[in-house]
Amino acid sequence: MIFYKTLNNWYSNNKRELPWRKTANPYYIWLSEIILQQTQVAQGLPYYSAFVAEFPSVFDLANASESQVLKLWQGLGYYSRARNLHATAKYVANELNGKFPDNYKDLLKLKGVGDYTASAIASICFNEVAAVVDGNVYRVLSRYFGIDTPINTTKGNKEFKALAQELIDKKDPATFNQAIMEFGAMHCKPKNPNCDTCPFINSCIAYNKSEVENLPVKLKANKAKVKHFNFLVILSDDNQTVLEQRQGKGIWQNLYQFPLVETKNEVGFTEMKSLAETHQLLKDRSFELSLYNKESIVHKLSHQHLHTKFWIVKLEDELKSGVSIASVTDYAVPILIGNFIEAFNF
DNA sequence: AAATCGGGGCC
DNA sequence: GGCCCAGATTT
């Protein structure tokens with residue numbers, strides 16, 4: 001049996017109904033693919049619906065402000081995706097008259113579009129024979145063919161890309177790409193795959209060598225670094241607070257946060273008091289300091305564990321350059337800040 | 001080639 | 001607590 005025939009048969013009987021499967025419009029396919037990068041369908045789905053509703057066309061997205069795009073993206077993570085999404089929308093709307101590139105090579109030039117996304121759009125929208133390789137594809141192929149090359153290496157990427165390009169249904173690349181990903185997500189799962197009912201049970205090398213749970217092979221990630229974040233939640237006499245936009249290179253670029261004091265170690269009240277007294281915003285001002293959360297909130301990211309304290313700074317006078325407390329929910333903030341805003345009774 | 005970039009779900 | 005997710009970009 002030819003690989004893609006078995007796969008397509010499974011897909012036709014088991015695929016989910018998803019909104020981006022009802023269209024081949026490159027704007028909607030592109031939008032869904034960016035949202036779904038490193039993101040499970042269940043998590044991305046409500047964001048896709050919100051973006052389609054708010055920005056029905058690439059021109060609507062292009063005409064929005066970046067802050068509006070980031071606000072709608074809030075909570076989804078990997079915020080460079082949102083910034084690149086907006087930049088690409090402006091490029092397509094203004095330089096390409098709203099028409100997306102119609103082939104892999106040109107799609108690859110768009111900001112935020114790499115090998116996977118260019119292949120997905122080219123195949124789904126334009127029937128180009130370009131195989132996708134995502135986490136699902138790595139898992140399905142490494143198991144079926146018993147390949148133990150680490151997937152997060154250049155060698156592994158090239159090997160699996162070439163293999164997928166051999167296996168793809170040249171007559172219907174769009175269906176093949178979506179089918180192999182759906183099969184990986186729903187059937188050939190990372191944990192507890194459904195081998196008992198698998199249509200590939202007779203030919204899957206990993207199954208027949210009892211190696212399913214050992215594949216794919218992936219080089220271990222480095223341990224996350226611990227950081228200590230202290231946020232100054234300033235409350236003025238005239239119901240204002242201070243939010244600052246994050247600049248520079250690191251996490252949460254262009255999102256808003258309360259003024260941040262990062263420290264080498266966890267700090268207590270006395271140490272924070274003296275840090276606050278010398279802070280640019282609070283110098284020569286009279287305030288009362290209190291700690292919102294006695295135990296640090298540990299916010300875990302892939303490469304950082306943020307031990308976080310929210311310090312309440314009650315000002316005895318007014319604040320000239322703040323924002324009104326009522327408006328804090330208008331700003332795009334990291335979920336760590338958003339959770340605090342929701343829980344804190346302003 | 002290795003590190004970085006989020007947040008949620010599963011075990 | 002570790003691993004994974006319809007990866008891309010920077011270092």
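Naming convention: chains lettered A, B, ... in sequence-line order (proteins, then strands); numbering from 1 in each chain.
Among the heavy atoms of the strands, none lies under 4.0 Å from A/G44. Using a 4.0 Å heavy-atom criterion, one finds that A/V137 contacts no nucleic acid atom at all. A/G184 comes within 4.0 angstrom of no nucleic acid atom, judged by non-hydrogen atoms across all strands. A/T153 comes within 4.0 angstrom of nothing in the nucleic acid, heavy atoms only. Within 4.0 Å of A/K225, counting heavy atoms only, lie sugar-phosphate atoms of the nucleic acid but no base atom. Heavy atoms of A/L76 sit under 4.0 angstrom from at least one base atom. When heavy atoms are screened at a 4.0 angstrom cut-off, A/D115 is found touching the sugar-phosphate backbone but no base atom. Nucleic acid contact for A/K220: sugar-phosphate only, since backbone atoms but no base atoms lie under 4.0 Å from a heavy atom of the residue. Looking at heavy-atom distances under 4.0 Å, A/V132 makes no contact with the nucleic acid at all.
Of the side-chain N and O atoms in A/T154, one or more sit less than 4.0 angstrom from OP1 or OP2 of B/dA1. OP1 or OP2 of C/dG7 has not a single side-chain nitrogen or oxygen of A/T39 nearer than 4.0 Å. Between A/H299 and the phosphate of B/dG6, there is no side-chain N or O to OP1/OP2 separation shorter than 4.0 Å. Distances shorter than 4.0 Å separate none of the side-chain N or O atoms of A/R83 from OP1 or OP2 on B/dC5. Look at A/W73 and you won't find any side-chain N or O under 4.0 angstrom from OP1 or OP2 of B/dC5. For B/dC5, the OP1/OP2 oxygens have a side-chain nitrogen or oxygen of A/Q304 closer than 4.0 Å. Contact check, A/Q40 against C/dC5: no side-chain N or O comes under 4.0 Å of OP1 or OP2.
Rounded to a whole Å, the CD1 atom of A/I34 is 8 Å from the P atom of C/dT9. The distance between atom OH of A/Y48 and atom P of C/dC5, rounded to the nearest whole Å, is 23 Å. Atoms CG (A/N152) and P (B/dC5) sit 18 Å apart, rounded to a whole Å. Between the CZ atom of A/R139 and the P atom of C/dC5 there is a distance of 5 Å, given to the nearest Å. As rounded to whole Å, 15 Å separates atom C1' of B/dG6 from atom CG of A/N84. B/dG6 atom C1' lies 12 Å from atom CZ of A/R246, rounded to whole Å.
The side chain of A/M181 sits closest to C/dA6 out of C/dG7, C/dA6, C/dT9. Set against C/dA6, B/dG7, C/dC4, the side chain of A/N136 has C/dA6 as its closest nucleotide. Here the nucleotide nearest the side chain of A/W20, chosen from C/dA6, B/dC11, B/dG6, is C/dA6. Side chain of A/Q37, nearest nucleotide from C/dG7, B/dG7, C/dA6: C/dG7. With C/dT11, C/dG7, B/dA1 as the candidates, the nucleotide lying closest to the side chain of A/K249 is C/dT11. In this structure, of B/dC11, B/dG6, C/dG7, it is B/dC11 that holds the atom nearest to the side chain of A/K191. Side-chain proximity of A/N222 to the nucleotides B/dA3, B/dC11, B/dT4 is greatest for B/dA3. Candidate nucleotides C/dT9, C/dG1, B/dG7 were compared by shortest atom distance to the side chain of A/Y79, and B/dG7 ranks first. Taking only side-chain atoms of A/I251, from C-beta outward, the nucleotide of C/dA6, B/dG6, B/dA1 with the closest atom is B/dG6. Distance from the side chain of A/Q43 is smallest to B/dG8 among C/dG1, C/dC3, B/dG8.
A distance of 6.0 Å or more separates the ring centres of A/F258 and A/F231. Ring-centre distance between A/Y138 and A/F160: below the 6.0 Å cut-off.
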Q) Should A/E54 and A/Q68 be marked as a side-chain hydrogen bond (donor to acceptor under 3.5 Å, both in side chains) after you check the CA-CA gap, both sets of side-chain angles, and the distance that decides it? A) CA-CA 10 Å; A/E54 188 75 16; A/Q68 191 185 353; 3.2 Å; yes
Q: Could you walk me through whether A/F287 and A/D317 pass the side chain to side chain contact (heavy atoms under 4.5 Å, CB included) test, one step at a time?
A: CA-CA 8 Å; A/F287 62 87; A/D317 54 355; over 6 Å; no
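A salt bridge links A/E182 with A/R21: the closest approach of a Lys/Arg side-chain nitrogen to an acidic carboxylate oxygen falls below 4.0 angstrom. Note on A/K161 versus A/D115: salt bridge recorded, some NZ/NE/NH1/NH2 to OD/OE distance being below 4.0 Å. Using a cut-off of 4.0 Å between Lys/Arg side-chain N and Asp/Glu carboxylate O, A/E266 and A/K309 are scored as salt-bridged.
Comparing C/dA8 with B/dG8, their P atoms are spaced 22 Å from each other, to the whole Å. Rounded to the nearest Å, the gap between the C1' atom of B/dG6 and that of C/dC4 is 13 Å. Rounded to the nearest Å, the gap between the C1' atom of B/dA1 and that of C/dC5 is 23 Å. Distance check on atom P: B/dC11 versus C/dA6 gives 15 Å, rounded to whole Å.
Within 3.5 Å, a donor on the side chain of A/S302 pairs with an acceptor on the base of B/dG6, or the reverse. In terms of polar N and O atoms assigned as donor or acceptor, the side chain of A/Y78 comes within less than 3.5 Å of the base of B/dG6 in a complementary pairing. Between the base of C/dA6 and the side chain of A/R21 there is a donor-acceptor pair shorter than 3.5 Å.
Along DNA chain B, the nucleotide nearest to A/N192 and the one nearest to A/L301 differ in position, and the one closer to the 5' end is contacted by A/L301.
Relative orientation of the A/Y331 and A/Y256 rings is perpendicular, given thresholds of 30° and 60° on the angle between their planes.
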